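Per chain, numbering begins at 1; letters A, B, ... match sequence-line order. Keep in mind that this is a model prediction, so the values were computed, not measured.
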Amino acid sequence: MSEALSVPRGSGVGRRLALMLGTLIVGVVALAAVLGPSLTPNDPFAQDLGKRLVVPFWMAGGGWEHPLGTDQLGRDYLARLVYGARISMVIGVLTVIASGLIGTTLGVLGGFFGGRMDDVVLFAITCRLSIPVVLVALAVVGLMGNSFTLVILVLGLLLWDRFAVVARSTTMQVRNLDYVSAAWCAGCSRASMLLREVLPNIATHLAVVATLEMALAILLEAALSFLGLGVPPPLPSWGLMIAEAKDYMFFSPWVIMIPGVALFVLVFGINLLGDGLRDMLGTQDAR
Amino acid sequence: MSARSGPRGGEPLLDVRRLRVEFGGRTAAVRGASLSVSKGETHCLVGESGCGKSVTALAVMNLLARGARRQAEVLSFAGQDLLRLSDSRMSRLRGDRMAMIFQEPMTSLNPAYTVGSQMTEVLRRHRGTPRVQAVDRAAELLGRVGITAPGMRLGQYPHQLSGGLRQRVMIAMALMCDPELLVADEPTTALDVTVQAQILRLLAMLQRDLGLGILLITHDLGIVARVADRVSVMYAGEVVESAPTAELFAAPRHPYTRGLLSCVPAPGKTRREDPLGSIPGVVPRIPPGFQGCAFRDRCAHAAASCAAAVPRRPAGPDHEFLCTLPADWVRQEAAA
Amino acid sequence: MTLFLLRRLAVALLVAITVLTLSFMLTRLSGDLAISIAGPNASQEDVELIRRAYGLDRPLILQYFDWIGRAVLGDFGTSYFFRERVADLIGQRLPITITLGLVGLAIALAVAIPLGIAAAVQEGTWVDRTVMLVALVGQAMPSFWLGLLLMIVLGLQLQLLPISGTGSWEHYVMPGIVLAFSAIPALMRLTRSGMVEALSSDYIRTARAKGLTRLSILAKHALRNAAIPVVSIAAVQLGFMLGGSIVIETVFALHGVGFLAWESISKNDFPVVQAVVLVLALIYIALTLLADLLNAVLDPRLRTE
């Protein structure tokens with residue numbers, strides 16, 4: 001029967017292309033985030049009420065002084081967009097670090113020790129999943145006041161579930177591998193087992209989760225900021241830019257198109273990267 | 001190997017000549033295999049795993065996976081050319097006049113439906129039989145394949161049955177429409193030995209009672225000796241020898257067949273201290289366009305001529321083998 | 001089976017108590033609740049008055065048990081802003097959110113299942129790749145932005161649907177589409193992988209050997225098995241969608257519990273906020289239980305053991 005089933009699957013060319021596109025998008029946004037203000041001569045915070053809602057260069061009346069136009073307060077849209085990339089990337093990365101630490105710790109403990117410990121970890125995951133993320137994040141920010149750090153902290157504390165689930169199941173698999181059992185029998189300490197055998201083996205799976213969570217964190221930050229309970233103004237978060245432009249969108253739709261497309265493309269790129277990574281590593285269970 | 005009228009008489013039920021199956025142009029799983037099954041005959045197709053027996057069976061039923069290409073000089077069932085048959089006409093034949101059972105009874109039944117539902121749908125599809133009559137027929141057949149309390153079994157799900165019971169259900173399901181041909185792909189391999197014997201006895205009985213033609217695929221020569229009227233030995237996608245069962249066991253000609261038979265101890269003949277035979281090497285993967293004998297790398301009698309096209313030699317009534325050696329080489333060798 | 005469900009029920013209760021505790025703690029995060037309620041311009045006496053009036057001068061543990069005791073009975077206190085019982089407020093708004101969730105789920109299933117099946121049947125072809133691309137696009141789409149785009153296109157330019165508000169069934173269409181987008185990628189992937197697995201299974205080969213029609217093989221034999229995980233995940237997804245409805249209800253000014261929560265957060269109306277968190281969490285817990293139950297009903301292997 002095995003012969004009859006060995007039908008060749010589609011070539012890997014499309015997948016490699018997707019991985020490359022994802023890397024390219026994330027690379028470009030990361031570069032913009034690092035270089036930031038040096039990319040454009042304009043100040044993202046400088047208001048010029050005489051030049052409000054200047055249209056971008058491709059529309060009639062647009063020019064190169066403000067390539068992507070200006071917002072309702074006359075601030076340069078390109079400068080704000082580039083600065084917003086920095087905010088998105090920093091929030092994405094820091095949230096993933098925080099949630100990754102929490103989730104991986106819980107997952108590895110549960111998967112490695114099993115028994116009671118595992119019951120507790122599973123219970124924690126179940127509790128976490130039953131909490132409505134957006135609502136709680138909004139409530140916390142609403143209660144404690146908008147701040148950049150708080151957004152990262154809240155998202156980090158809320159988005160660890162997938163790390164925990166994947167770390168737990170992969171740790172279980174690794175623990176049951178022969179050579180790990182052998183190291184166990186050879187008298188290695190638990191700590192060294194965890195660091196030397198388990199972590200390196202589950203790292204690839206966690207990398208895939210990290211991309212997915214980073215994409216989610218960026219989307220959530222944008223949503224929080226859009227609802228006015230995220231990054232405080234005048235910081236140019238893409239979500240906040242969309243919120244501020246909302247009142248003008250019916251007359252000049254480009255004001256919400258520009259930050260929206262940026263947000264979409266970045267998240268799309270990160271997801272492409274994650275998918276490509278998963279195919280490359282052959283891990284099917286990360287989702 | 002080719003279908004012959006004469007000793008076995010009449011038009012064969014299933015006639016396969018020079019069947020080729022390729023997967024994506026990379027591997028040729030079946031390379032010009034020929035065989036035929038007459039009404040009321042059990043034809044065993046034997047060979048090591050990976051030799052193309054299952055693919056041959058699936059090709060006959062047109063059940064190959066997507067991406068497989070099937071070609072043949074002749075592929076006919078009861079006078080109908082299966083190669084020209086449309087998918088929908090073929091599907092009307094399958095399950096009705098030609099049925100198939102598989103190796104894995106544990107997974108071959110749908111876990112989501114009851115035994116009764118899966119059995120009756122065959123009859124309802126092919127005959128439009130009303131549900132009540134179909135259920136009666138299913139119960140009757142379950143009784144026939146030796147299942148007690150068929151009424152109760154009909155309401156059960158596959159996971160509630162043992163492997164042996166499931167295979168009986170599979171067989172009963174295959175018989176729902178009174179097929180003329182039953183293709184059985186290693187039907188007993190996954191079962192334990194006592195159940196194996198029961199299933200084989202059941203197949204033999206059904207064949208006798210219903211006049212079924214059976215194409216039985218197996219790697220177990222013990223089974224062949226017990227149930228086959230005729231045997232075809234397959235190696236690397238080719239039928240290398242074909243003969244009536246007694247003849248094949250008594251006077252095998254192809255070096256591969258001889259090797260295969262020497263691997264099986266014969267009670268009473270093989271003494272304790274005698275070494276059991278073995279064939280060195282493994283079945284090679286055959287690329288398309290391969291020439292000559294595929295067994296030559298493992299064959300003790302290989303010569304330079306084996307790399308050229310191999311002749312098909314008759315070795316008695318209804319006995320053929322595919323080799324460069326002459327038909328009486330065994331006697332010559334013994335004499336030398 | 002019964003034992004399994006009882007165990008699940010016990011865990012669900014424990015989770016509910018934990019969430020209850022967490023949502024109580026949530027409101028104490030800001031430090032002194034009395035100051036927050038009184039507002040920035042209140043005098044010291046006002047704050048003291050409020051503290052006593054709301055029982056905030058009692059020990060925290062007492063307040064906690066008092067709150068739990070009332071919450072279990074469905075008494076979430078009185079809204080500071082609306083001057084109404086929180087339970088009544090939620091009772092009025094919840095049907096709107098649940099309707100929205102169900103509309104979203106219906107749209108999501110109507111899109112995800114056919115596309116997932118198409119991708120599985122055409123595995124490896126351009127159809128499959130297009131469907132997977134749709135999943136990726138859906139995953140990357142910011143819901144609030146998609147909502148605004150729909151408003152511009154469907155509401156303003158084509159004038160097909162009302163731009164925002166609550167009232168007729170038309171007000172649910174656009175938010176429903178946006179909400180569906182959040183569930184489509186997961187449901188579509190699951191349908192596809194389930195169908196791919198089912199289609200390559202031995203029992204499908206048997207079904208083909210029985211000469212069944214293509215429709216019967218796909219719809220009866222393959223889909224039935226692939227649907228088992230999809231149905232239970234759909235229940236869980238509905239829970240996530242209700243939780244995520246806050247963004248969408250706010251964008252479309254649809255006056256469900258999500259909108260209520262957003263209003264209450266901006267008005268510092270804590271009793272409402274913590275009650276909404278609790279109610280949504282409880283609904284989610286109930287839906288996961290329902291998912292397990294559905295699983296058991298749909299899968300004869302679980303049902304008959």
Side-chain angles (χ1 to χ4, degrees), chain B residues 54 57-58 60-67 87-115 117-127 155-160 166 169-170 173-174 176-177 179 182-185 190, chain C residues 1 4 113 117-129 190-192 194-232 294-305:
Chain B
S54 289
L58 291 173
V60 166
M61 300 293 288
N62 199 14
L63 288 176
L64 291 165
R66 224 178 0 166
D87 278 357
S88 78
R89 297 267 313 275
M90 185 67 205
S91 79
R92 248 170 263 155
L93 216 54
R94 273 198 307 256
D96 186 9
R97 297 182 63 192
M98 50 202 296
M100 182 162 181
I101 56 179
F102 300 96
Q103 179 177 349
E104 305 84 4
M106 305 309 274
T107 51
S108 290
L109 288 166
N110 193 326
Y113 293 100
T114 59
V115 167
S117 151
Q118 295 187 57
M119 287 184 73
T120 51
E121 75 178 332
V122 189
L123 212 53
R124 299 207 285 144
R125 148 81 167 141
H126 293 294
R127 301 284 154 81
Q156 286 190 318
Y157 288 92
H159 72 271
Q160 295 168 299
R166 287 190 215 182
V169 168
M170 283 295 291
M173 193 159 78
M176 283 298 276
C177 292
L182 178 67
V183 178
D185 185 3
Chain C
M1 190 58 229
F4 166 75
I113 290 181
I117 293 173
V121 171
Q122 309 276 331
E123 195 197 352
T125 65
W126 65 269
V127 177
D128 188 13
R129 250 163 274 164
L190 201 65
T191 308
R192 178 186 173 277
M195 280 299 278
V196 165
E197 195 191 319
L199 285 174
S200 64
S201 69
D202 288 340
Y203 58 80
I204 291 301
R205 193 182 53 185
T206 306
R208 294 210 300 151
K210 280 152 70 173
L212 300 183
T213 57
R214 203 171 153 67
L215 184 70
S216 162
I217 291 171
L218 275 182
K220 187 178 171 191
H221 285 272
L223 188 58
R224 173 62 206 268
N225 284 286
I228 294 171
V230 175
V231 168
S232 50
L294 280 174
N295 224 341
V297 169
L298 285 175
D299 192 337
R301 281 163 295 190
L302 288 176
R303 194 197 316 149
T304 50
E305 254 157 35

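Heavy-atom pairs under 4.5 Å with chain C were tallied for B/Thr107, B/Val122, B/Leu93; the largest tally goes to B/Thr107.
For B/Leu63, the parts sitting under 4.5 Å from any heavy atom of chain C are the backbone and the side chain alike. Using a 4.5 Å cut-off between heavy atoms, B/Met176 does not touch chain C at all. Contacts of B/Met106 with chain C are absent, with no heavy-atom separation under 4.5 Å from either backbone or side chain. Looking at B/Gln156, there are no atoms closer than 4.5 Å to chain C (heavy atoms on both sides), in backbone or side chain.
Between C/Pro300 and B/Ala112, the shortest heavy-atom contact is CG-CA, 3.7 Å. Across all their heavy atoms, B/Pro111 and C/Arg301 have their closest contact at CB-CZ, 3.6 Å.
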Verdict with supporting geometry, B/Met100 and C/Arg208, side chain to side chain contact (heavy atoms under 4.5 Å, CB included): CA-CA 10 Å; B/Met100 182 162 181; C/Arg208 294 210 300 151; over 6 Å; no

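Sparse packing is recorded around CD of C/Glu197, with 12 or fewer heavy atoms of other residues, nucleotides or ligands lying under 6.0 Å away.
Side-chain contact check for B/Ser117 versus C/Lys220: some heavy-atom pair is nearer than 4.5 Å.
To the nearest 0.5 Å, atom CZ of residue C/Arg205 and atom CG of residue B/Leu58 are 6.5 Å apart. To the nearest 0.5 Å, atoms CG (B/Asn110) and OG1 (C/Thr206) are separated by 9.0 Å. To the nearest 0.5 Å, atoms CG (C/Asp299) and OH (B/Tyr157) are separated by 10.0 Å. Summarising the geometry, atom CG belonging to C/Leu212 is positioned 6.5 Å from atom NE2 belonging to B/His126; distances are rounded to the nearest 0.5 Å. To the nearest 0.5 angstrom, C/Tyr203 atom OH is 9.5 Å from B/Tyr113 atom OH. Here B/Ser108 contributes atom OG and C/Ile204 contributes atom CD1; the two are 11.5 Å apart, rounded to the nearest 0.5 Å.
Partner of C/Lys210 under the side chain to side chain contact (heavy atoms under 4.5 Å, CB included) criterion, chosen from B/Gln118, B/Arg125, B/Arg94: B/Gln118.
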